[in-house]
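Here's the structure, in structure tokens; my notes come after.
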Amino acid sequence: MELEQKAAQTVEKKVRTLEFKNISKAFPGVQALDDVSFTAVGGKVLALLGENGAGKSTLLKILSGDIPCDEGQILLDGEPLALTSPNKAINLGISVIYQERQLIPSMSVMENIFLGALPVRSGFVSYKELKAQTQAIIDEFGLPIDPTVPVAALSIAHQQMVEIMKAYRRNSPVIAFDEPTAPLTDKEIDILFGLIKRLKEEGKIIIYVSHRMKEIFQITDEIVVLKDGKFVTKLNTSETNEQELIKAMVGRDIGDTYANLSRNDKYGDVVLEVNNLTTYAVHDVSFKLRKGEVIGLAGLVGAGRTEVVRAIFGADPIISGEIKLEGKPVKFKTPRDAINAGIALCPEDRKEQGLILWAPITHNVSLPVLKKLKKFLFLDAKAEDDLTLGAIQQYSIKTPTLDKKVLELSGGNQQKVILGRWTSKLVTTKVLILDEPTKGIDVGTKAEIYQMVCDFAKQGIGVIFISSELTEVINVADTIYVMHNGRITGSVKREEATEENVLALAMLE
Amino acid sequence: MNNLTRTSLVKRLVRTQAFSLLILLVAMILIFTALAALKGARFFTAKTFIGILQDIAVPGFLAIGAGCLIVSGNIDLSQATVGALSGIVIAIGISWWGLPWYVAVLIAMLFAAAIGLINAILINEIGMAPFIATMAMAAVIRALMQLLATDSGGALQSTVTFTDPALTTIGGYNIIGDIPMTIVIVVVAFIIYGIILKKTELGRSIYMIGGNRRAARLSGINSKGIIYFLYINCSVLGGISGLAYTARAKQGSLQALSGDQFTGLTAAILGGISFAGGSGGMGGAFLGLVVLKTFYKGMLIVGSSTYLTLVLSGTLLILALSLDVWSQRRQRKRLGI
Ligand SMILES: Nc1ncnc2c1ncn2[C@@H]1O[C@H](COP(=O)(O)OP(=O)(O)OP(=O)(O)O)[C@@H](O)[C@H]1O
Ligand SMILES: [Mg+2]
């Protein structure tokens, strides 16, 4: 009798559905979404795929109640949702983890996670309870995070995990992730994927946006491809392959990215020599970079890769050690000195350290070369436009005007603006440092960036390439230096590098 | 792709806050004209507009300095006090110390520059918040003024008069009728600073620092150096406005510019130079100042009391600030960030 009832209940418990119906949205100068319709179902992970600016984030922002759509509806289990504000959407059971972090940096981890739902005892926030509940979630994730420290004190990867915990805590039936793994490394990605599998088993509706093909095949069940704001196709992950997907996204074949690279094989003299470099975060780091060589820095988040290049660039103080540029010892007090000496650093955190979000693309691209844009006393607007146009064409940045504010661009296009800044024709570099340059960039453009790195090498520039995507570093760099806990634990040549031997060095105890 | 251009100039102009201000100004003139007519007074006369121009001349320098600083995401609350100090120094220099006027002026400007330098050191090197550092500086300057204005008999002189034909002739020089020469200088200064901000490397750097100081530094902008420059510039402009006041009033006064404590700031914010940094320009700041002074003049003509006008002008500052915050929020919301 009881058993029968239970059986009846499970049958009745229908699979949940989230239907996007004829969604359209225009921004000044762009049709970001054009009559998009598809349905996501519970218990499956649906990937949303498309080039930079295809409209993925816009769709998720509409889902989260952040911006209204011009036309169309979203229905949960057949019921139209009134998504008039983020708060409303959360109450309707929708959690979206944005591409850009939304945490309050000065507030503690626990306050951020429980923002809007702080446990209250007789009118006051109960910090004891708050801490206990947060600790429980952190333990579930298995992360070494202190619930009481301000979010600003965490690494970017851990900040992202806090963002994910915040959404997880709400236990919503619909969870959407917009490029969640961009700031993560393998360890956190494993945790995240474990979580997604569990959520999937619980029957939740999961939407997943990423430019990393490997992940798409690893955890998604269905794939929706968007192009220029239009729905292209919906496929089952198990029945498709990378080539087919790329063709649907880009509209043409791009072939094997790595095998087709035309590399540089002639090295010149040593251009940059780092001896026993020690700062607050790195210890005793030494390496040599030759003209025309591409060095990769691999390692887990927090391994100290960014800190090494910041020290070289004069952005962080050096405690001891020596840096030589073309054989001459140099001491850069500020990034300005480093730039004048011919070093360019394209930073990893585009929002904090890279872009002037409220300024137009033109101003962002010309920033390090203002001196060279001078005509008599004044900046030459024509030359600045040319420079910007060059960057826009080189990286196919999607924008209706030259002077669109950078914050109105899609995430990937923002990243392209920083690349454009540091690789423009007026930047004269001897050493080009790229810190996570392909973060948030679509597959087509990624291939172009790898080729561009090789082209720079051919011109005799020494390149330092940092990436958390292992496949990428070991295929693009000539020599891969692996870091762990602020030290270099070993180096491998590309011919000998495998994900296994690099990872082993990265996790060395 | 090849024919991508900038947004057209007309579109850009219409989008600026200065453009809305222009509309506000026209509306204000119409309203005051009507109100004055009801009260049997007259607003729309040459005298009114000449009066407004006279009122703009002195605080104009304040608005320029404050505007540039706010673009970079900084602020100076001691600027008007520096103006008063510079007036006192000039008056005392001439009448008590017997210095030639240009030496007195030079000393006053050195005082102003030194104060700007100290402000910048407190903010750049010690790491104080700009508004705390400069507010404390304003208190120090006020005390310093009183110290200076205490005569040999030990009595505090709240005004110090002086006679110097050269200086007062320059200060009181009018072009066509009662329009002071100073207004021409102010307008020219607005134009020069406007060009510096929009067309030169220095100006661009100021915007970029205001937009994101860390990113600007990592792109090789000498942000520290530029902030030194901006505080000194702001302070010296404060000093110049004190000079303009003193030369015209023929006296230095502890109370000089006290009504213009926040004028530079309000004008800049009204004109669309956001506290968030990185936006707005000199055209807006100038219009902001015109709007502000037209408002005072109008209130005076329609017969409001000085105190009511003061209350209302304070309210205007709060209004301008709220508008600034509100429009920032609205934009962020529209962009979904
Ligand atoms: N607030 C905005 N104002 C103006 N245009 C916008 C705004 N937000 C997005 N757009 C435009 O809408 C288009 C779609 O952007 P969206 O962010 O959805 O792309 P995306 O698919 O998420 O790309 P990415 O992979 O780069 O993150 C882009 O052309 C972008 O420039
Ligand atoms: Mg996006």
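Ranked by non-hydrogen atom pairs under 4.5 Å with chain A, the options B:Lys199, B:Lys198, B:Arg204 are led by B:Arg204. Per-residue counts of heavy-atom pairs under 4.5 Å with chain B were compared for A:Lys374, A:Arg421, A:Arg350, A:His363; the largest is that of A:His363. For chain B, the option among A:Leu373, A:Asn364, A:Leu345, A:Ile339 with the highest count of heavy-atom pairs below 4.5 Å is A:Ile339. Taking chain B as the reference chain and counting heavy-atom pairs below 4.5 Å, the highest number among A:Leu355, A:Asp349, A:Asp337, A:Thr58 is found for A:Leu355. Of the listed residues (A:Asp385, A:Leu377, A:Asn340, A:Thr334), the greatest number of heavy-atom pairs within a distance under 4.5 Å of chain B belongs to A:Asp385. The choice from B:Arg217, B:Lys224, B:Arg213 that makes the most heavy-atom pairs within less than 4.5 Å of chain A is B:Arg217.
Checked by atom type and distance alone, the side chain of B:Ser235 never pairs as donor or acceptor with a backbone atom of B:Ile232 at under 3.5 Å. In this structure a side-chain-to-backbone donor-acceptor pair under 3.5 Å is present from A:Ser64 to A:Lys61. A donor-acceptor contact shorter than 3.5 Å is absent between the side chain of B:Glu201 and the backbone of A:Leu379.
For the 3.5 Å distance criterion, the side chains of A:Tyr395 and A:Asn52 fail to qualify, holding no donor opposite an acceptor. Side-chain contact annotation: B:Asn119 with B:Thr134, donor-acceptor N/O pair under 3.5 Å absent. Side chain to side chain, A:Ser85 and A:Asn87 fail the donor-acceptor criterion of an N or O pair below 3.5 Å. Looking only at atom types and distance, the side chain of B:Tyr231 has no donor-acceptor partner in the side chain of B:Asn124 under 3.5 Å away. Between the side chains of B:Arg6 and A:Thr362, no donor N or O sits under 3.5 Å from an acceptor N or O.
If you measure heavy-atom distances from A:Ala381 to chain B, the contacts under 4.5 Å come from both the backbone and the side chain. B:Ile195 touches chain A through its side chain: at least one heavy atom from C-beta onward sits under 4.5 Å away, while N, CA, C and O do not. Neither the backbone nor the side chain of A:Ile418 comes within contact range of chain B; no heavy atom of the residue lies under 4.5 Å from a heavy atom of that chain. With a threshold of 4.5 angstrom between heavy atoms, A:Thr388 does not approach chain B through any atom at all. The part of A:Ala359 that comes within reach of chain B is its side chain, from C-beta onward, which places non-hydrogen atoms under 4.5 angstrom from that chain. Neither the backbone nor the side chain of A:Pro360 comes within contact range of chain B; no heavy atoms are under 4.5 Å apart.
Note on residues 278-288 of chain B: no pairs pass salt bridge (Lys or Arg N to Asp or Glu O under 4.0 Å), not counting sequence neighbours.
Using a 4.5 Å heavy-atom cut-off against chain B, no residue of residues 427-436 of chain A qualifies as contacting.
Applying the salt bridge (charged side-chain N to carboxylate O under 4.0 Å, His left out) criterion to A:Lys351, with sequence neighbours excluded, gives no partner residue.
Annotation for A:Pro28 and A:Lys404: closest pair O-NZ, 3.7 Å, computed over non-hydrogen atoms.
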What donor-acceptor contacts under 3.5 angstrom involve side-chain atoms of residues 265-275 of chain B, with partners at least two apart or in another chain?
| residue | atom | partner | partner atom | Å |
| --- | --- | --- | --- | --- |
| B:Thr266 | OG1 | B:Phe262 | O | 2.6 |
| B:Ser274 | OG | B:Ala276 | N | 2.9 |
| B:Ser274 | OG | B:Asp324 | OD1 | 3.0 |
| B:Ser274 | OG | B:Gln328 | NE2 | 3.0 |

